[in-house]
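Scroll down for the structure; my scribbles are underneath it.
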Amino acid sequence: MILERLIKLVDACFEKGVSEGKWSNAAAGKYSVEVPKREGQGDYSTNMAMVMAGIEKKNPREIAGLLLELLSEDNAIIEKLEIAGPGFVNIFLKTQVWQDILNPVLASGENFGKSTIGNGKKVMVEFVSANPTGPLSIGHGRQAILGDAIARLLEATGHSVYREYYFNDAGRQMRVLGESTRARYLELQDKPFEFPEDGYQGEYIQDIAQSLLDEKGDSLSEQEDVLPFTEKAVEIIFADISSTLKRMGITFDNYYNEHSLYDEGHIDSVVQELRDKGLVYEKDDAVWFKTTEFGHEQDRVIIKKTGEPTYRLPDIAYHREKFKRNFDWMIDVFGSDHIATVPDVMAGLEALGYDSSKVTVVLHQFVTLTRNGKQVKMSTRKATFVTVDELLDMVGTDVARFYFMMRKADSQLEFDLDLATSEEKDNPVYYVQYGHARLCSIMRRAQDMGMSTISAENVDLSLLVEPEEIQLLKRISSFPGAIESAALELAPHRAIFFLMELAADWHSYYNKHKVIDPEHIEQAVTDARLCLVTALRLVFKNGLEMLGLTAPEKM
RNA sequence: GCCCGCGUAGCUCAGGGGAUAGAGCACAGGAUUCCUAAUCCUGGAGUCGUAGGUUCGAAUCCUACCGCGGGCACCA
């Protein structure tokens, strides 16, 4: 909130310099205002002089001098200015600037940290999209939580978010699923059975077979068609997936069935449209899409010689439907194994005349699971994976969510089960949550003693002068910006890091200074600190809840 | 072979043109008559994979190479 204000001020000085002929406007938008890494280098600093020096071929420190003059005309918030290093202009703000943030923060209440920069933009976040062939695995878990966190952050920044789960319950995969179920069904009755070569070996298939047996008895033993088996399996597996998602606090606005693309003729119309544009041809009894027209190395088959489309075609048709449904921004959260399909879909959309830059694909790397110091290899088919449910049983929802959000999507994520289960005390999740609980504890105490913790009226905030207090005020003021960048960069880990840094500042302050101590601390100071505590609590609570984490009042 | 991601402290990872490169874990030592010790404080630890290049300035951008992971189907 303060940073935004300062950027405006620096921009104004830049404009003024331009109009006064001090420099050209060639550096517009190229300089930045940032928080310096090191203490003693100001509250903020700008590299404008250095950026401009390169363009104007002038001495950076000389330009910095001119900028300093312009900036010093504002004595409302600026305490001190200095030129440092190769040409930074360091800006020191008056302490009061920081103290004054508390009133607006407390007034915003549960809305503090939220913003409207999204401007109601319609965003679809597609994630999980696992076909109903088995329970969600750890990899799906990462995707589910990453997608959900992105959706939550976008909501918090004023976007209109729609969550969609895309799935396919037809085709070869499903046939194998049905056959696997039938085999187990027959096996349970000690009848001869044939387990498919690449069948699903998980125990959950037995459970499905058992419930089928419970419901229908042996009436399906002579069944030729696998459909009843497939349908039952899909029903049970989907119920299982839904309950897992619910446990993680994830809901969807819509489940989109790939099959509807066929029923509603979208598949055919995409092919027809591409054909009309001359981007499709027949070869070897298959239909090919000229992806080479879009800079790809080779063309791709979109309809096999069997007459069935490859996965590319429905993917393209599905994305076209997203465009038709008028989303301004479409975010796909995929595992990195889908990387090859992305360029094909983008090419398809471009071919159909859509602006593919409205689609952002967030590819997350794999989750490697370690147990007893060794990496666990996972396969859905062989059922050697650890399910999300099992993980939740072991560590709980908050820990699972936190760990999956802690890493940027591009990084592989190591989930050390031993660490997550046995060393709970060192868990960063508890570190942050404990920060919140401590604040609540102080507020409870204050309330018991009849002090107000809600309003900053009649409180002298200028009594907040300890360096740790100023540090906390700065941290609080940077909260909305931190959420904003985490949201726009689709990087929930940034929000997590903010919370960990906030917690570190707070725990440190807590150990050094007391808030309530009638014998040693004046009431006026306590009142001011209670305002700080109340604001901090808002930041913890809003931050945690924005990310789908709980903010416990006691631990 | 081609494409994508990654390579930063013993381990797990932030930082992704800016000043003296950070955190957690682990390790060593210390702090509680008082708001929750699930906390805090102190300490050591680094050729930012390698070699060039661009720049006033490179862990950050470019190129090549090395290593790890993933993908290169008329499977999804």
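Residue numbering restarts at 1 for every chain, and letters A, B, ... go by the order of the sequence lines.
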What does A/Asp285 touch in the nucleic acid at a heavy-atom separation under 4.0 angstrom: a base, only the sugar-phosphate, or nothing?
-> nothing
Can you check whether any acceptor in the base of B/rG71 is under 3.5 Å from a donor in the side chain of A/Asp337, or vice versa?
-> no
Given B/rG24, is OP1 or OP2 found less than 4.0 Å from the side-chain N or O atoms of A/Tyr403?
-> no
Measure from the side-chain heavy atoms of A/Asn511 and tell me the nearest of B/rC34, B/rC75, B/rC40.
-> B/rC40
Under 6.0 Å from the six-membered ring centre of A/Tyr510 and within 45° of its axis: does the NZ or CZ of A/Arg438 meet both?
-> yes
Side chain of A/Asn131 - closest among B/rG18, B/rC35, B/rA76 | B/rA76
Please list, chain by chain and in numerical order, all residues satisfying ring-ring contact (aromatic ring centres under 6.0 Å, His included) with A/Tyr166, sequence neighbours excluded.
-> A/Tyr318
Does B/rA14 have A/Phe497 stacked on its base, where the ring centres are within less than 5.5 Å and the planes differ by under 30°?
-> no
Runs of at least three consecutive Watson-Crick or G-U pairs, both distances under 3.5 Å, are what I'm after; which ones involve RNA chain B?
-> B:1-7 with B:66-72, B:10-13 with B:22-25, B:27-31 with B:39-43, B:49-53 with B:61-65
A/Phe88 side chain: which of B/rA14, B/rA19, B/rC75 is closest?
-> B/rA19
Mark yes or no for a side-chain to base donor-acceptor pair under 3.5 Å between A/Tyr311 and B/rA76, with no hydrogen or angle criteria applied.
-> yes
Look at A/Arg38 and B/rA21 and indicate whether a side-chain polar atom (N or O) is within less than 4.0 Å of OP1 or OP2.
-> no
Could you check whether A/Glu297 gets within reach of a base, just the sugar-phosphate, or nothing at all, counting any heavy atom under 4.0 Å?
-> sugar-phosphate
A/His493 has an atom NE2; how far is it from atom P of B/rG24, in whole Å?
-> 17 Å
A/Thr368 side-chain N/O to B/rG69 phosphate OP1/OP2 under 4.0 Å | no
B/rC61 and B/rG46: how far apart are their C1' atoms, nearest whole angstrom?
-> 23 Å
For A/Lys304 against A/Pro309, the heavy-atom pair lying closest together = CE-O, 3.8 Å
A/His364 NE2 to B/rG71 P: how many Å, rounded?
-> 13 Å
A/Ile442 side chain: which of B/rA37, B/rC35, B/rA38 is closest?
-> B/rC35
Looking for any heavy atom pair under 4.0 Å, which part of the strands does A/Asn90 touch: base, sugar-phosphate only, or nothing?
-> base
Hey, does the side-chain of A/Ser45 have a donor or acceptor N/O within less than 3.5 Å of a partner on the base of B/rA19?
-> yes
Is a donor-acceptor contact shorter than 3.5 angstrom present between the side chain of A/Lys408 and the base of B/rG16?
-> yes
Of the candidate nucleotides B/rC6, B/rC75, B/rA59, which contains the atom at the shortest distance from the side chain of A/Lys37?
-> B/rA59
